[in-house]
Amino acid sequence: MSTITVSPSQARVASQGRAQLITNAFVYQLWRDLWVTLRGWQTFLAMTLLQPIFFLFIFGHVLPQLGQTNAGYSIVLLPGIIALTTLLTAMQAVSIPLTIEFGYTKEIEDRLLSPLPVWMVAVEKMVFAAIRGLLAGAMILPLGRIILGTGFSINSEHLDLLAVVAVLGALVGAALGLTLGTIVQPAQIGLMFSVILTPLLFTGCVYYPWALLDRLRWFQVVTCFSPLTYTSEGFRSALAPQTPHMGIPFLLAGQIGFLLLFGYLGVRGFLKKAID
């Protein structure tokens, strides 16, 4: 019985060919998802911008005009709204489609037949969702200038920190969405957002700085368990460093910690559900 031997150079070529195949498949799936988003740009804009526009208009324009909040409140509010939009858009971009694909349509099977390892299918969904979150968050900046008026200004001296915080925040939202998408059943989608969205809205330091909660210590501790808190404080420290905010090492550690936690839970849940 003859034995086939493979030289190191042949093995290296085969490995490179496999890596190229996986890379091409990953890029193709990512481009396909982005193309679908571009084709349905009206839906994307409506889903991502309607809520933050009204938040900015009511809390940042109407209430100050009525004298119910001080004029400087918009400086605190805008970074929080950007964080909320970035994280929630990324979360929704993966959680809702994934729940449906694993439930009614079974479309996930088409992706699993690609040359990608199963775990990379999950990573591609996270990357796509993070890109959507970053696009949505970036659109809030010019809208904030329009809604809040020319008297409002943001700091542009910490663009490196802004980029890091934005990318981490979008990835945290995507990882959270991946986790929820592998746990929640299709019939429970509405309940999921009722249970998840409300605590995120009010404990994520969107409307108030975390540092000022030292007057309400128990609630300050509660907000530390919200992944949105660290993204809100990150945008606040980058765009409005003159306002009270969480320490930069602390908020970056929080973002990375939640990314690792939800990334692990999401990929593990995806693998388990895909194999089943």
Side-chain angles (χ1 to χ4, degrees), residues 6 8 10-40 44 47 86-136 166-193 195-196 227 231 255-276:
V6 179
Q10 290 176 321
R12 185 163 52 251
V13 170
S15 177
Q16 290 174 349
R18 172 66 175 168
Q20 185 64 41
L21 182 64
I22 291 175
T23 301
N24 291 340
F26 185 92
V27 172
Y28 172 77
Q29 287 200 16
L30 182 60
W31 170 246
R32 185 180 68 172
D33 289 336
L34 292 173
W35 177 247
V36 171
T37 299
L38 290 174
R39 289 180 58 187
F44 171 68
M47 289 179 61
T86 301
L87 192 142
L88 283 188
T89 300
M91 184 185 79
Q92 292 174 345
V94 64
S95 60
I96 297 177
L98 192 60
T99 301
I100 296 173
E101 288 174 8
F102 271 124
Y104 300 127
T105 65
K106 301 297 183 182
E107 290 182 14
I108 195 66
E109 294 178 0
D110 295 336
R111 295 178 182 268
L112 296 177
L113 292 175
S114 72
L116 289 177
V118 176
W119 66 270
M120 284 196 70
V121 177
V123 172
E124 184 275 330
K125 283 190 164 292
M126 283 181 54
V127 172
F128 163 67
I131 292 174
R132 281 183 58 128
L134 289 171
L135 289 174
V167 171
L168 286 175
L171 287 173
V172 168
L176 175 58
L178 183 68
T179 302
L180 295 175
T182 57
I183 294 175
V184 178
Q185 300 300 319
Q188 300 174 325
I189 293 179
L191 177 63
M192 173 185 72
F193 281 100
V195 172
I196 298 297
T231 302
Q255 285 189 301
I256 294 172
F258 273 111
L259 175 57
L260 294 175
L261 173 64
F262 290 128
Y264 170 75
L265 294 176
V267 172
R268 188 183 69 170
F270 187 91
L271 290 172
K272 181 179 179 182
K273 208 156 189 178
I275 294 173
D276 291 343

From [X] atom [atom1] to [Y] atom [atom2], the distance as rounded to the nearest 0.5 Å:
{"X": "L176", "Y": "M126", "atom1": "CG", "atom2": "CE", "result": "10.5 Å"}
{"X": "L168", "Y": "T86", "atom1": "CG", "atom2": "OG1", "result": "12.0 Å"}
{"X": "T89", "Y": "L135", "atom1": "OG1", "atom2": "CG", "result": "9.5 Å"}
{"X": "W35", "Y": "R39", "atom1": "CH2", "atom2": "CZ", "result": "7.0 Å"}
{"X": "R132", "Y": "T37", "atom1": "CZ", "atom2": "OG1", "result": "4.0 Å"}
{"X": "L87", "Y": "Q92", "atom1": "CG", "atom2": "CD", "result": "10.0 Å"}

If you take all heavy atoms of [X] and [Y], which pair is closest and at what distance?
{"X": "L171", "Y": "A130", "answer": "CD2-CB, 3.7 Å"}
{"X": "V267", "Y": "L178", "answer": "N-CD2, 3.7 Å"}
{"X": "V172", "Y": "P227", "answer": "CG1-CB, 3.8 Å"}
{"X": "K273", "Y": "T182", "answer": "NZ-O, 3.5 Å"}
{"X": "A25", "Y": "L116", "answer": "CB-CG, 3.9 Å"}
{"X": "V94", "Y": "A129", "answer": "CB-CB, 4.0 Å"}

Inset, instruction - Establish, from distance only, whether the side-chain atoms of D33 and Q29 form a donor-acceptor pair under 3.5 Å. - result: no
Inset, instruction - Using the test ring pair (Phe, Tyr, Trp, His ring centres under 6.0 Å), find all partners of F262 that sit at least two apart in sequence or belong to another chain. - result: F258
Inset, instruction - Mind checking side-chain hydrogen bond (donor to acceptor under 3.5 Å, both in side chains) for T23 and listing every partner two or more places apart, or none if nothing turns up? - result: none
Legend entry - M47, CE atom: more than 12 neighbouring heavy atoms under 6.0 Å: no
